[in-house]
Every structure is written in structure tokens, then in C-alpha cells.
Amino acid sequence: MKLLLWPALLALSLPGLSLGTSTQDHAQAVLKFGPRVTGSAGNEQARSYLEAQFRALGYQTRRESFTYPRFDDLGSDVRAGEQLLTGNALQDSAGGEVTAPVIQVPGVGTPADFVRVDVRGKVAVVSRGQIPFIEKTRAALAAGAVGLVIVNNSAGDFRGTLGQRVEVPVLGVSPTVGAAMKDGQPVTLRVRVSQSNVQAVNLIAFKAGVGQPDVLFGAHLDSVPGAPGANDNLSGTLAVLDVARRAVGTPLSARSFFLLFDGEEDGLLGSRAFVKDSPEVVKGLKAMFNLDMVGVNVMPLSVSGEAPLVEAARRAGVEASEGTPGSSDQVPFRQAGVPTLFFHRGLDANYHQPGDTLLDPALVEQTAEAAFRIANEVLNTAPLR
Ligand code: BES
Ligand code: ZN
């Protein structure tokens with residue numbers, strides 16, 4: 001009696017703590033592995049941990065591997081006299097080291113801006129904004145610059161993408177670094193980049209014997225470099241695990257796939273790979289639920305997608321709206337004709353930053369409960385196969 005009472009008392013005395021390993025425990029365990037950049041050790045450690053959790057709940061797991069080339073900044077900087085100033089190589093920048101005088105170009109780097117100063121053989125400095133990075137770079141190249149520095153138009157540094165390989169090194173810097181680069185001063189711009197093949201892995205959890213699920217719950221497990229990814233997207237990952245936990249012993253468990261996608265931050269690559277490699281599974285889906293950034297309440301839970309699922313959500317007592325928002329793993333499924341719902345709580349201030357260390361387990365579990373209820377509503381109204 002005593003033994004049975006103890007955990008119950010503990011759970012009562014610590015609100016939000018459920019028996020067994022809680023969302024809070026999982027969050028602590030996974031965050032210890034560090035950022036989960038696709039192809040990194042932390043990414044694999046997190047997946048192994050979560051794989052074990054799905055198995056402990058009685059699910060089987062399968063891994064789907066895929067590879068893709070990725071541009072990586074290996075550490076880039078500008079040496080100005082005694083000062084070593086750091087920045088981020090823009091994606092698709094040329095690598096290399098150039099030593100040349102600085103020229104501060106007035107403006108954002110339009111062709112007209114470059115007419116006003118002579119940048120030939122120099123490292124040109126322009127402001128971020130108004131026109132795409134690639135256009136600034138083309139204008140700098142055409143004017144004869146040997147390197148380009150783009151200064152952020154708000155505090156701090158930034159990461160950007162050119163979208164096409166260019167022949168000059170292009171570095172993005174903070175306003176502080178930009179101001180430290182004085183006109184005429186010789187600087188050494190060092191951009192160290194590499195292009196390598198990344199190994200990515202999707203994790204699929206399912207009940208033994210389930211080959212054709214009706215519902216797929218997904219979240220991306222990967223994070224961007226330098227960000228612990230607590231809200232983006234350990235929150236969605238743990239919500240998917242919590243849906244799997246709620247489904248145990250109910251019909252839903254035998255009609256679902258639970259997916260942890262990799263490579264989302266490199267362009268939704270995990271969900272694209274799954275849609276491409278499992279066309280039969282995808283064709284048979286009645287719903288795909290994607291959970292991304294659900295651990296910080298920037299706004300109350302937003303659930304949006306196609307009308308029939310929005311109606312199912314409303315019947316399940318969950319507020320939802322019609323819409324087909326982009327920029328996460330529901331997109332490839334929607335493009336393949338699958339009805340989707342996207343669950344999120346808005347873009348928090350620590351998005352893609354080192355400060356993304358917090359998630360609220362209660363919000364994660366509330367999201368899981370909403371997804372669980374909607375899925376059951378979908379299954380109860382859809383004819384059985
Ligand atoms: N978690 C974000 C998407 C997101 C944004 C979810 C706002 C909820 C609210 C995702 O990881 C991301 O950063 N996506 C990229 C695009 C992707 C194709 C690389 C983005 O939004 O810029
Ligand atoms: Zn995300």
C-alpha cells in the first residue's frame with residue numbers, strides 16, 4: 001500500500017508530473033546532447049534516445065536514411081589591424097582569403113550604389129536589406145570588388161543564403177563589426193566553407209504489423225547550428241512521443257505512423273524524402289499532423305489546414321482555421337495531396353538562436369492531447385478500410 005501510494009503522492013505534490021518518464025525528463029535528457037544539426041553526433045544521440053522511448057511504449061521503429069550535399073561555414077572572420085572580427089559566410093559564398101582595403105559603399109549595394117565609389121580590388125561593405133543578397137553580390141562583382149561584407153540592419157549577426165554559387169567571398173556581420181571596418185583600412189577577409197555530403201535519418205515508429213496507417217504524426221528533430229532547439233523543435237518531437245503514449249492500448253496506435261524527420265532545417269528534406277520513398281503509404285493517408293514549435297506560447301495553439309480536418313478539429317473541441325501555411329514538414333505531404341494540419345504556437349524570440357533552451361512541458365502535452373483528440377475524431381468519422 002505504501003509503495004503504491006508513494007508515486008501517487010509525488011504526482012499530486014508536483015503538479016504536471018505524470019508517472020513514468022515525463023516530457024520534462026525527456027526534454028532534459030535530449031537537450032544534454034546539444035544542437036541536433038543533421039549529420040552531427042548530437043542529432044544521432046537524440047534519435048537513439050527517442051527510438052528507445054518509442055520502443056518502451058511497445059512500438060517498433062525503422063530508420064530511413066538519405067544523403068544530400070550541404071554547405072557549411074567552418075568559421076569565417078575579418079582581421080582588421082589587431083582586431084579579429086567574426087561573421088558568418090553566406091551560404092553559397094566562395095571560400096578563400098583576400099587581403100585588400102575596405103570600402104564602405106553608401107547604401108544596400110544596388111548597381112547605382114556601386115557607381116558612387118570605386119570598389120575595384122577592394123573589400124566592399126554594404127548594408128543588408130531592400131534587395132536580395134545575390135543581387136548585392138552580383139553588383140559588387142561587376143564593379144570589381146574582391147570580397148563583400150554585408151552588415152546586418154538590426155542588432156547582432158545573421159545567416160543568409162545567396163541561392164547560387166558566387167566567385168567572391170561574402171560575409172555577413174553585425175552592425176558593430178561593420179562599424180569597426182574603417183574606409184581605406186587594409187583587412188583580411190577569411191571565409192572558410194566546405195561542401196560535403198550529409199547523412200540524414202528519419203525515424204518511423206509504428207505498431208507491429210501496421211503497413212498502411214490512416215494518420216501520420218510528424219515533427220522535425222533536427223535543429224540549426226548553434227541553437228539547442230528546445231522549442232524548434234524538441235517541443236514538437238516530444239509532442240509526437242506523447243501522442244504515441246496516449247495512443248497505447250487504443251485503436252489509434254494501430255492506425256498511425258509517428259515520424260521524426262531529419263533535414264527539415266536544410267529545406268524540409270526529411271519529409272520530402274519520406275513522401276518520395278513511401279508513395280503507397282502517403283497515398284493512403286487520411287491526415288498528416290505536423291507539430292513544430294509548440295513549447296512556447298507566443299500565441300495560443302494554432303491549428304490550421306484543409307477544411308475537412310479543420311471541421312474534425314472543431315468537432316473535437318479544438319479551435320482551428322483553414323489555411324495552408326508553409327515552411328515546415330506538412331508542405332511535402334500537402335503537395336502530395338494529403339490533408340494536413342499544422343500545429344504551432346508562433347515564432348519565439350529565441351528562434352534559431354543559442355537562447356532556444358526552453359520549452360514548457362505542459363504546452364507540449366496540451367498540444368499532444370489536441371492532436372490525439374482530432375485524430376480520433378478523424379478515425380471515427382472516416383470509413384474503416
Ligand atoms: N520551425 C520552423 C518553422 C515554423 C515557423 C514553425 C513559425 C512554427 C512557426 C522551421 O524549422 C524553419 O525554420 N523553417 C524555415 C524554412 C525551412 C524550409 C528551412 C523557415 O521558416 O524559414
Ligand atoms: Zn522548426
Side-chain angles (χ1 to χ4, degrees), residues 27 30-31 35-40 42-43 46-47 50 66 68-73 88 90-92 132-133 158-163 172 198 200 202-203 217-240 259-276 288-305 320-321 323-335 340-360 363-364 366-367 370-371:
V30 175
L31 287 172
R36 300 176 301 281
V37 178
T38 301
S40 69
N43 175 288
R47 184 167 31 256
L50 290 153
F66 56 102
Y68 58 92
R70 187 175 63 201
F71 175 98
D72 282 310
D73 184 356
N88 298 313
L90 268 80
Q91 197 165 333
D92 303 321
F133 298 131
F158 70 98
R159 285 174 196 276
T161 299
L162 292 166
V198 181
N202 287 337
L203 181 73
F217 299 91
H220 74 90
L221 175 60
D222 63 305
S223 62
V224 297
N231 194 31
D232 188 10
N233 182 33
L234 183 56
S235 63
T237 296
L238 295 183
V240 168
L259 260 289
L260 299 187
F261 297 114
D262 210 359
E264 191 269 357
E265 299 289 6
D266 291 323
L268 315 179
L269 299 181
S271 43
R272 285 195 204 290
F274 183 84
V275 166
K276 181 165 157 282
M288 188 276 180
F289 294 173
N290 183 44
L291 296 79
D292 193 355
M293 302 182 75
V294 295
V296 175
N297 236 9
V298 179
M299 57 177 183
L301 180 65
S302 162
V303 179
S304 58
S321 60
T324 51
S327 82
S328 191
D329 289 314
Q330 74 280 3
V331 173
F333 286 86
R334 194 171 65 221
Q335 287 171 346
T340 62
L341 281 182
F342 177 34
F343 295 68
H344 73 88
R345 295 179 185 272
L347 208 60
D348 64 288
N350 293 310
Y351 168 66
H352 288 185
Q353 299 296 320
D356 183 8
T357 57
L358 297 174
L359 63 82
D360 181 343
L363 293 177
V364 168
Q366 283 161 27
T367 310

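Just so you know, these numbers use all the heavy atoms, side chains as well, and skip hydrogens, waters and symmetry mates. Start at 1 and go down the list; that is how both ligands and their atoms are numbered.
- Listed by first and then second residue, the salt bridge (Lys or Arg N to Asp or Glu O under 4.0 Å) pairs involving residues 341-356 amount to none (not counting sequence neighbours).
- Shortest distance from the Zn ion (ligand 2) to His220 is reached at NE2 (N/O/S atoms only).
- The distance from ligand 1 to the heavy atoms of His352 drops below 4.0 Å at these ligand atoms: 13 (O).
- Atoms OD1 of Asp232 and OD2 of Asp292, as seen from the Zn ion (ligand 2), are separated by an angle of 140°, to the nearest 10°.
- Atom CG in Leu359 sits 10.0 Å away from atom OG1 in Thr237 (nearest 0.5 Å).
- Regarding atom 15 (C) of ligand 1, its nearest protein heavy-atom neighbour is Tyr351 OH, 4.0 Å.
- Atoms CG and OG1, on Leu269 and Thr38 in that order, are 8.0 Å from each other to the nearest 0.5 Å.
- Under 4.0 Å from ligand 1, not a single heavy atom of Phe343 appears.
- Of all atoms in ligand 1, listed by their number and element, those nearer than 4.0 Å to a heavy atom of Phe342 are 6 (C), 8 (C).
- Taking 4.0 Å as the cut-off, Asp292 counts as a neighbour of ligand 1 on heavy-atom distance.
- Of the heavy atoms in Glu265, both backbone and side-chain atoms come closer than 4.0 Å to ligand 1.
- When hydrogens are left out, the protein atom nearest atom 17 (C) of ligand 1 is Glu264 O, 4.0 Å; that is the closest non-hydrogen contact.
- The side chain to side chain donor-acceptor pair (under 3.5 Å) search around Asp92 returns none, not counting sequence neighbours.
- Aromatic rings from Phe158 and Phe133 are positioned such that their centres are separated by under 6.0 Å.
- Among the atoms of Ser327, some N or O lies under 3.5 angstrom from an N or O of ligand 1.
- Shown in contact with Asp232 at under 4.0 Å from a heavy atom are these atoms of ligand 1, numbered in order with element: 1 (N), 2 (C), 11 (O).
- Taking OG of Ser328 as the reference point, atom CG of Asn233 lies at 7.0 Å (rounded to 0.5 Å).
- For atom 4 (C) of ligand 1, the nearest non-hydrogen atom of the protein is Met293 SD, 3.8 Å.
- In terms of protein heavy atoms, atom 9 (C) of ligand 1 is closest to His344 ND1, 3.7 Å.
- Note on ring orientation: taking the six-membered ring where Trp is involved, the planes of Phe342 and His344 are tilted (angle from 30° to 60°).
- Close contacts between ligand 1 and Leu347 involve ligand atoms 5 (C), 7 (C) [criterion: under 4.0 Å to a heavy atom].
- Here the CE-CZ distance, from Met288 to Phe274, works out to 9.0 Å after rounding to the nearest 0.5 Å.
- To the nearest 0.5 Å, atoms CZ (Arg334) and CG (Asp329) are separated by 12.0 Å.
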